[in-house]
Trainee: 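One structure, pasted below without further comment.
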Amino acid sequence: MATWGGLINRYGLRMDISHSVEPVTLFEGNTPLIPAPRLGAKIVPGGHLYLKYEGLNPTGSFKDRGMTTAMTQAVADGAKTVICASTGNTAASAAAYAARAGLKCVVLVPDGKIALGKLAGAIAYGANVITVTGSFDDGLRMVREASERAPIALVNSVNPARLQGQKTAAWEVTEQLGKVPDWLCLPVGNAGNITAYWLGFCEDGEIRPRLLGAQAAGSAPIVLGKRVDNPDTRATAIRIGNPARWAEANTALKESNGTILAVTDHEIFDAYHMLAEIEGVFCEPSSATGVAGLYKSVQSGTVETEGKTFVCVLTGHGLKDPDSAVMKAPEMVTVPPDTDSLLKALDLATGANI
Ligand code: F0G
């Protein structure tokens with residue numbers, strides 16, 4: 001039986017990276033495309049909604065797609081240490097793939113603005129974690145300069161090898177769906193992912209989806225058309241004010257006849273809860289931003305749904321950000337250890353008279 005061997009094994013011939021060394025892989029990719037009929041009936045009436053659940057990658061986010069290629073290239077180039085700035089997921093992914101490759105890894109994360117599961121990952125995989133009293137954008141500027149001045153390989157998505165891995169998600173979507181969707185919806189932060197999807201679709205053929213990008217309202221530089229100096233949102237993964245691949249994102253949006261919009265934190269968390277409670281798919285808040293953007297665009301009449309197929313990319317797993325999930329904890333009921341109390345609580349919880 002052929003087993004899944006990771007993205008370079010599967011798509012290496014279509015990747016512009018060095019093939020001189022063994023791939024650094026954790027068997028990333030091949031994530032499920034899950035139909036979401038109940039949520040779809042609510043947010044895209046008459047259409048078909050699918051969720052590309054990228055949280056099921058080895059470190060819990062889509063970043064692993066680009067990290068297999070970036071780390072393989074770093075090894076081929078003879079790097080001994082890799083570095084990245086990150087809102088969390090890139091850090092965890094870089095740390096894991098560096099461990100796998102036997103390289104040292106340094107990650108810069110915004111002080112106090114990184115979800116617990118991501119920090120836990122970076123620490124567990126043995127990275128040197130440095131926190132910056134500034135934003136992701138400050139961190140990215142610092143690691144770019146540091147990698148020019150010291151022999152350290154930069155593995156942020158400004159590194160073209162990252163896109164070579166990330167573009168494979170577009171091919172998987174088309175293979176799994178059996179066609180190109182009408183719309184592909186995703187959150188936009190540093191804009192590496194939207195750039196990579198567009199690259200993948202363009203390399204795959206003439207039929208391409210329209211792209212729907214969504215940014216958090218407090219961190220929406222592309223929507224506003226200007227840099228945001230103090231980005232703010234509870235969706236910390238996309239708390240970015242000056243995306244590195246801004247120009248490429250605009251090109252992708254224009255060429256795909258797409259759209260980009262801002263959604264409030266309230267709208268993001270609404271989508272986050274709907275995904276988990278209506279479909280049983282638990283993603284991190286930032287990942288729900290594409291769904292929130294789609295819902296808002298349908299409601300405002302920008303996007304027609306009848307007969308159309310929508311794929312929303314859920315970029316990271318819900319367990320990455322446990323604090324956001326347990327914010328609903330006040331709804332929990334505590335009972336003493338006797339069954340009468342439990343039955344009373346069940347009446348309250350279910351509305352039934354048990
Ligand atoms: N969703 C999640 C869960 C992310 O972690 C990120 C980016 C994005 C969406 C946005 O993707 O930057 O390619 O537009 N996270 C980066 C990080 C910045 O450091 O983990 P993008």
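We count ligands from 1, going down the list as the structure has it; atoms in each ligand are counted the same way. What you see below is based on every heavy atom in this structure, not just the backbone, and it leaves out hydrogens, waters and symmetry mates.
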Trainee: Go through the steps to decide whether R141 and D138 satisfy the test salt bridge (Lys or Arg N to Asp or Glu O under 4.0 Å), and finish with yes or no.
Mentor: CA-CA 5 Å; R141 173 178 46 79; D138 293 314; 3.3 Å; yes

Trainee: Mind checking whether I238 contacts ligand 1 via backbone (N, CA, C, O), side chain (CB onward), both or neither, at a 4.0 Å heavy-atom cut-off?
Mentor: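 For I238, the contact with ligand 1 is made by the side chain alone.
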
Trainee: Mind checking whether S287 has an N or O less than 3.5 Å away from an N or O of ligand 1?
Mentor: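 By distance alone, the answer is no.
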
Trainee: Counting both backbone and side chain atoms, is some N or O of K63 under 3.5 Å from an N or O of ligand 1?
Mentor: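 Indeed, backbone or side chain, K63 has an N or O that close.
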
Trainee: Could you tell me the residue and atom name of the protein heavy atom closest to atom 9 (C) of ligand 1, and the distance to it rounded to 0.1 Å?
Mentor: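 It is T315 OG1, 3.6 Å.
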
Trainee: Could you list which atoms of ligand 1 come closer than 4.0 Å to a heavy atom of N89?
Mentor: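 Result: 2 (C), 3 (C), 4 (C), 5 (O), 20 (O).
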
Trainee: Please check if any side-chain donor atom of T233 sits under 3.5 Å from a side-chain acceptor atom of D265, or the reverse.
Mentor: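 Yes, D265 and T233 have a side-chain donor paired with an acceptor closer than 3.5 Å.
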
Trainee: Sorted by first residue and then second, give each salt bridge (Lys or Arg N to Asp or Glu O under 4.0 Å) pair with at least one member in residues 11-37; sequence neighbours left out.
Mentor: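 Counting only pairs at least two positions apart or across chains, the salt bridge (Lys or Arg N to Asp or Glu O under 4.0 Å) contacts touching residues 11-37 are R14-D204.
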
Trainee: For K118 and ligand 1, does the shortest N/O to N/O distance drop below 3.5 Å?
Mentor: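 Such a contact does not occur with ligand 1.
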
Trainee: Identify, by atom number and element, the atoms of ligand 1 in contact range of S86, meaning under 4.0 Å from any of its heavy atoms.
Mentor: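 Atoms satisfying the 4.0 Å criterion: 17 (C), 19 (O), 20 (O).
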
Trainee: Got an N/O contact under 3.5 Å between A191 and ligand 1?
Mentor: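 Min N/O separation from ligand 1 is below 3.5 Å for A191.
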
Trainee: Please could you name the atoms of ligand 1 that G192 approaches to less than 4.0 Å, counting only its heavy atoms?
Mentor: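 With G192 as reference, the close atoms of ligand 1 come out as 13 (O), 14 (O), 21 (P).
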
Trainee: Measuring from non-hydrogen atoms of I240 to any atom of ligand 1, is the shortest distance under 4.0 Å?
Mentor: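 I240: in contact with ligand 1 (<4.0 Å).
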
Trainee: Ignoring hydrogens and angles, state whether a donor on the side chain of R65 or T31 is under 3.5 Å from an acceptor on the partner side chain.
Mentor: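 The criterion, which ignores hydrogens and geometry beyond distance, is satisfied for T31 and R65.
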
Trainee: Ligand 1 and F136, any nitrogen or oxygen pair closer than 3.5 angstrom?
Mentor: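 The answer is no, given that F136 and ligand 1 share no N or O pair closer than 3.5 Å.
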
Trainee: Looking at R208, K52, K167, which hits side chain to side chain contact (heavy atoms under 4.5 Å, CB included) with Y197?
Mentor: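 Result for side chain to side chain contact (heavy atoms under 4.5 Å, CB included) with Y197: K52.
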
Trainee: Output the rest of the hydrophobic cluster of F62: all Ile, Leu, Val, Met, Phe, Trp and Tyr residues reachable through side-chain heavy-atom contacts under 4.5 Å, sorted by chain and number.
Mentor: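 Members besides F62: none; it forms no cluster.
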
Trainee: Yes or no: does S61 have any heavy atom under 4.0 Å from an atom of ligand 1?
Mentor: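 The answer is no, since S61 has no heavy atom less than 4.0 Å from ligand 1.
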
Trainee: Backbone or side chain, does any N or O of S286 fall under 3.5 Å from an N or O of ligand 1?
Mentor: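 N/O-N/O distance below 3.5 Å does not exist for this pair.
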
